[in-house]
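Below: one structure, written as structure tokens.
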Amino acid sequence: MSRILVVEDDDSTRNLIARILQRLGYATTEAANGQAALDLLAHDSHYDLVISDVRMAPMDGLILLGEVKNHYPAIPVLMTSVHGRPEWINSAMTSGANGFLLKPFIKDQLAEAVESILAPINP
């Protein structure tokens, strides 16, 4: 079973994403911001995917993305945002994100994005 770390500052959104992923058969862990995610990764870096919102405090998702890629380069990262700002998408993708999903998204879009990222890992 693939393990996914869901990083989102909005409690209801984070819980919804985690529930959808659990129904799809994934094990999930939740973090309310980038720093909380890094703390979790420092104790257990055996995640198959990190899904992170872009805009969070005190550490936003783009900084988290850089930290994950520097310290845990084998873990893919899917970025999400309600804002489709081209500069954010470009920054995320050039910084090593494995995908970018605009919110609001439906279950099938999330499933497709996650499966496409995890397919090479879980053939």
Side-chain angles (χ1 to χ4, degrees):
M1 175 184 305
S2 295
R3 295 180 65 212
I4 300 175
L5 177 57
V6 179
V7 189
E8 166 67 57
D9 59 345
D10 181 76
D11 293 342
S12 60
T13 302
R14 184 177 65 249
N15 294 334
L16 178 62
I17 292 170
R19 280 196 316 270
I20 290 169
L21 293 169
Q22 290 163 5
R23 288 185 192 135
L24 292 169
Y26 299 106
T28 62
T29 303
E30 298 177 37
N33 60 58
Q35 186 58 57
L38 287 180
D39 293 345
L40 287 167
L41 286 165
H43 294 294
D44 179 7
S45 64
H46 294 97
Y47 288 95
D48 298 294
L49 175 63
V50 172
I51 299 176
S52 177
D53 188 22
V54 172
R55 299 278 299 180
M56 298 178 292
M59 177 188 294
D60 75 22
L62 294 175
I63 294 171
L64 173 62
L65 170 63
E67 292 294 316
V68 170
K69 291 303 173 181
N70 283 335
H71 300 289
Y72 313 98
I75 302 175
V77 180
L78 173 63
M79 302 301 295
T80 68
S81 180
V82 72
H83 303 287
R85 291 186 176 172
E87 62 271 19
W88 289 359
I89 297 170
N90 184 52
S91 179
M93 299 308 287
T94 58
S95 296
N98 298 81
F100 198 103
L101 194 56
L102 290 175
K103 294 186 279 186
F105 46 79
I106 60 171
K107 175 185 142 190
D108 291 344
Q109 291 170 311
L110 177 62
E112 182 179 320
V114 168
E115 289 167 11
S116 71
I117 292 170
L118 293 179
I121 297 168
N122 303 319

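If you're wondering where the values come from, they're calculated on a predicted model, not measured in any experiment.
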On a heavy-atom basis, which atom in [X] and which in [Y] lie closest, and how many Å separate them?
X: A31; Y: L40; result: CB-CD1, 3.9 Å
X: M56; Y: A32; result: SD-O, 4.3 Å
X: G34; Y: L64; result: O-CD1, 3.7 Å
X: V54; Y: S81; result: CG2-CB, 3.9 Å
X: S52; Y: G61; result: OG-CA, 3.6 Å
X: V68; Y: I75; result: CG1-O, 3.9 Å

Are [X] and [Y] close enough for a salt bridge, meaning some N to O gap below 4.0 Å?
X: E8; Y: K103; answer: yes
X: D53; Y: R14; answer: no
X: R3; Y: D44; answer: yes

Applying a strict under-4.5 Å side-chain criterion to I, L, V, M, F, W and Y, I'd like to know whether [X] and [Y] cluster together.
X: V7; Y: I20; result: no
X: V114; Y: M93; result: no
X: L16; Y: V50; result: no
X: F100; Y: L78; result: no
X: L101; Y: M79; result: no

Test N90 against E87 for side-chain contact (heavy atoms from CB on, under 4.5 Å), laying out the working first. CA-CA 5 Å; N90 184 52; E87 62 271 19; 5.6 Å; no
Do [X] and [Y] have side chains that get closer than 4.5 Å, going by heavy atoms?
X: V6; Y: T29; result: no
X: L102; Y: T80; result: no
X: L5; Y: L49; result: no
X: L118; Y: E115; result: no
X: K69; Y: V77; result: yes

When rounded to the nearest 0.5 angstrom, what is the spacing between [atom1] in [X] and [atom2] in [Y]?
X: Y72; Y: E67; atom1: OH; atom2: CD; answer: 9.0 Å
X: K107; Y: L21; atom1: NZ; atom2: CG; answer: 11.0 Å
X: T28; Y: Q22; atom1: OG1; atom2: CD; answer: 3.5 Å
X: Q35; Y: I63; atom1: CD; atom2: CD1; answer: 10.5 Å

E112 atom CD, neighbour heavy-atom count above 12 within 6.0 Å: no
Can any side-chain N or O of S95 pair as donor or acceptor with the backbone N or O of A92 at less than 3.5 Å? no
Test item: N15 side-chain N/O and D11 main-chain N/O as donor-acceptor pair under 3.5 Å: yes
I4 pairs by side-chain contact (heavy atoms from CB on, under 4.5 Å) with which of I117, I17, L24, I51? I51
Would you sort out whether M59 and L38 count as a side-chain contact (heavy atoms from CB on, under 4.5 Å), showing the intermediate values? CA-CA 10 Å; M59 177 188 294; L38 287 180; 3.5 Å; yes
